[in-house]
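Start at 1 with the first residue, then count along the sequence.
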Amino acid sequence: MEDAEGIELQITDDKEPNSSNDASSINNKMQLPKLIHYKWWLRVTCYILFLLSGQSAATLLGGLYYDKGGNSKWMATFVQSAGFPILLPLLFFFTSSINSNTATNPISSSFANKPEGPKLSTLTFLYIGFGALLTGDNLMYSYGLLYLPVSTYSLLCATQLAFNALFSFFLNSQKLSPFVLNSLILLTASASLLAVNADSENSAGIPRRKYVIGFFCTLGASATYSLYLSLVQLSFEKVINKETFSTVLNMQIYPSFVATCGCVVGLFASREWESLENEMKEYKEGKVSYLMTLIWTAITWQVSSVGLLGLIFEVSSLFSNVISTLALPLVPILAVIFFHDKMNGVKVMAMLLAIWGFLSYIYQHYLDDAKSKTSLTSENEVAGAQLETG
């Protein structure tokens, strides 16, 4: 009997350490998502700052280029993608960091090999396709910025969110809740108000025909850009399958290289390159200002694009477009200050509708986030209860 009691006591003692280990593992699993969640929000915050600052500055600098005497649509298109070389040091740094961690850590090496990356031919096809799409999209944006005031152009870009929601519904299985639908309706109404505002804009010296061209080019560019964002998200999820910052940089650098080559071809095919020297001489602020405007426009577009792609990678294409829309109330106000654009009642109403539409979508994102936190908490409580009963 004493032996039996000793065996029973030993079994009981063996169970207690195991149960304590299980409890500690459950606690670690509950704490680990919190740490990951904080790091995720830090990355998302950085991407948001990149997107908002880069987009606002690039839009204003693009308007400054035209306002001070620039007239080359292909040059304005060229600078939207030509700044990609500034990202190459970052790409080399993060790629070498990943390779060194993989070589020194066998555990990270096993994770790095799963899942396998796509074939080189597949990536080449993606980068060329996205680059060609960006070339046409940037050209349409250049026409819009040339023929429209900066404030009107910026508010009209709000239709990106509506187009992106539709593409996300069909390509990315994005649910269209009542708040998202409300956002689409409000942003469509905002763009419609600007469409009927042509007569008042003509008083600023813009012919009605050019205004219409600029309006539809901006609208078409918004739709094309929204399609691009949804396709990029689909590529991240279905094709690339790698969760690294270098993946985001690759998706920006290589399509930008293709788009830049397309712009160079367009610049020479249209013979606009012949007038660039005179354009620089006749620029109102001088040659140095001309070059600095183009250089900083290229840099700020790259900063904006990295933020945009980072948000697609971390969240979704629709969320990245919502954050992009957040710059809409800021850019028209800055355009009034720096370019003396007229802010009439129609533009104010269109801006308020755009803000309302943005807030409607943000509220839906808040509800989704709260729901996911509640479900995660309940799962952890169930796991802890099962451990106690076990």
With a 4.5 Å cut-off on side-chain heavy atoms, are [Y] and [X] touching?
| X | Y | answer |
| --- | --- | --- |
| Y47 | I323 | no |
| E272 | N71 | no |
| V232 | F313 | no |
| L267 | S72 | yes |
| L171 | L227 | yes |
| Y254 | L123 | no |
| Q233 | S320 | no |
| S235 | F130 | yes |

query: What orientation do Y65 and Y290 show, parallel under 30°, tilted 30 to 60°, or perpendicular over 60°?
result: tilted
Aromatic plane relationship, Y225 with Y228 - under 30° parallel, 30 to 60° tilted, over 60° perpendicular: parallel
Grab the two heavy atoms, one from [X] and one from [Y], that are nearest each other, plus how far apart they are.
| X | Y | result |
| --- | --- | --- |
| C263 | S81 | SG-OG, 4.4 Å |
| P255 | N250 | CD-O, 3.5 Å |
| C217 | Y143 | SG-CB, 3.8 Å |
| I240 | M251 | CD1-CE, 3.4 Å |
| S222 | C157 | OG-CA, 3.9 Å |
| G131 | A259 | O-CB, 3.5 Å |

Out of curiosity, [X] [atom1] to [Y] [atom2], how far, rounded to the nearest 0.5 Å?
| X | Y | atom1 | atom2 | value |
| --- | --- | --- | --- | --- |
| Q80 | T135 | CD | OG1 | 10.0 Å |
| L64 | T59 | CG | OG1 | 12.5 Å |
| T218 | Q160 | OG1 | CD | 10.0 Å |
| T297 | M75 | OG1 | CE | 11.0 Å |
| W356 | L359 | CH2 | CG | 10.5 Å |
| E279 | E274 | CD | CD | 13.5 Å |

[X]-[Y] co-clustered via ILVMFWY side chain contacts under 4.5 Å:
| X | Y | value |
| --- | --- | --- |
| L88 | V248 | yes |
| I86 | F93 | yes |
| L229 | V315 | yes |
| L311 | F163 | yes |
| I128 | L120 | no |

- prompt: Considering residues, nucleotides and ligands other than Y283, do more than 12 of their heavy atoms fall under 6.0 Å from its OH?
  reply: yes
task: For M349, look at atom CE and say whether over 12 heavy atoms of other residues, nucleotides or ligands are found less than 6.0 Å away.
output: no
message: For a side-chain contact (heavy atoms from CB on, under 4.5 Å) check, start with the C-alpha distance between W40 and E314, then their side-chain angles and the critical distance, and finish with the verdict.
response: CA-CA 8 Å; W40 179 85; E314 296 288 349; 3.2 Å; yes
message: Working note: Y153 + Y141, criterion side-chain contact (heavy atoms from CB on, under 4.5 Å); need CA distance, chi angles, decisive distance, verdict.
response: CA-CA 9 Å; Y153 167 86; Y141 273 132; 3.3 Å; yes
message: Between T260 and F84, does the side-chain contact (heavy atoms from CB on, under 4.5 Å) criterion hold? Intermediate values first, please.
response: CA-CA 9 Å; T260 302; F84 71 90; 3.8 Å; yes
query: Where do W301 and N138 land on the side-chain contact (heavy atoms from CB on, under 4.5 Å) test, with the steps shown first?
result: CA-CA 11 Å; W301 273 124; N138 292 340; over 6 Å; no
message: Please identify which of these residues, V306, L308, V303, meets the side-chain contact (heavy atoms from CB on, under 4.5 Å) condition with L51.
response: L308
- prompt: Are the side chain of N182 and the backbone N or O of P178 linked by a donor-acceptor pair below 3.5 Å?
  reply: no
- prompt: Is a side-chain donor or acceptor of D137 paired with a backbone partner of T224 at a separation under 3.5 angstrom?
  reply: no
- request: Run through S304, S324, S305 and flag the one making a side chain to side chain donor-acceptor pair (under 3.5 Å) with Q55.
  value: S324
